[in-house]
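Starting from 1, each residue takes its place in the sequence as its number. Note that this is a predicted model, so its numbers are computed, not measured.
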Amino acid sequence: MSPTPRRSQPAIDVTLIERLDTLAGAAIARLPDVAYPLINKLTSARLLAPARLPSDVVTIGSEVLYHDDQGARDRRVTLSWPEDADISRRSVSILTPVGVALLGLSAGDRFQWQTRAGERRSLTVLQVGSEPRPVAAPAAPRPELS
């Protein structure tokens, strides 16, 4: 008998809910295969303040290493807003089936999802970390007026 997949209740940063809900609503007509699963995830997730969101939970900007069970390979991606997604940089949009599947999961969670071609896939989250953010340069000192 194979072990039961671990799947915790997804946790989502409460400050992202409004934008995620708006994206899902806008996508219903043209991307129902993504919009409805996203809406379901938003309604079933634990909503947490950013300071209470565990560091190993996948959120926008998280770098995720996951194992594609069907492809038998590991993949590393960053979950992104649609306008920031670029597959050539391994940046996956939240408005993709795998993006919705990853949102809110933690390291160790397993999840089944369906590709746009209708293929059932499963993945296991191996590691979650945040993509390094550029540090803002300090402002140049202003010359004093005399």
ILVMFWY network linking I17 to V100, side-chain heavy atoms under 4.5 angstrom: yes
Residue pair V34 / P97, side-chain heavy-atom distance below 4.5 Å: yes
Closest heavy-atom pair and its distance - S122, Q112: CB-CG, 3.8 Å
Residues which pass side chain to side chain contact (heavy atoms under 4.5 Å, CB included) with R46, listed by chain and number, not counting sequence neighbours: Q9, A11, L48
Joint hydrophobic cluster, V14 plus L16, side-chain heavy atoms closer than 4.5 Å: yes
Linked, directly or transitively: V128 and L65 (ILVMFWY side chains, under 4.5 Å): no
Criterion side-chain contact (heavy atoms from CB on, under 4.5 Å) against L123, the qualifying member of D109, D69, V98: V98
Validation row: L103, V58 side chains within 4.5 angstrom (heavy atoms): no
Check: P10 main-chain N/O paired with K41 side-chain donor or acceptor under 3.5 Å: no
Approximate separation, where rounding is to 0.5 Å, of D68 CG and R73 CZ: 7.0 Å
Any residue meeting salt bridge (charged side-chain N to carboxylate O under 4.0 Å, His left out) with E18, in chain and number order, not counting sequence neighbours: none
Salt bridge (charged side-chain N to carboxylate O under 4.0 Å, His left out) against D86, all qualifying residues, sequence neighbours excluded: R89
Nearest non-hydrogen partners of A45 and I12, listed with the distance: CB-CD1, 3.6 Å
Validation row: P50, T15 side chains within 4.5 angstrom (heavy atoms): yes
R52, CZ: over 12 other non-hydrogen atoms inside 6.0 angstrom: no
Separation of T59 OG1 from L105 CG (nearest 0.5 Å): 11.5 Å
Point-to-point distance, once rounded to the nearest 0.5 Å, from CG of L79 to OG of S91: 8.0 Å
Distance (rounded to the nearest 0.5 Å) between T96 OG1 and I87 CD1: 8.0 Å
Distance-minimising heavy-atom pair for A24 and A35: O-CB, 3.4 Å
Single-linkage hydrophobic cluster, 4.5 Å side-chain cutoff, V57 and L126 together: no
For Y66, the option from L102, T124, D74 that meets side-chain contact (heavy atoms from CB on, under 4.5 Å): L102
Approximate separation, where rounding is to 0.5 Å, of Q127 CD and E63 CD: 7.5 Å
Check: W81 and L23 side chains under 4.5 Å, non-hydrogen atoms: yes
Partner of L20 under side-chain contact (heavy atoms from CB on, under 4.5 Å), chosen from I94, D13, I39: I94
Check: S93 side chain, L95 main-chain N or O, donor-acceptor pair, under 3.5 Å: yes
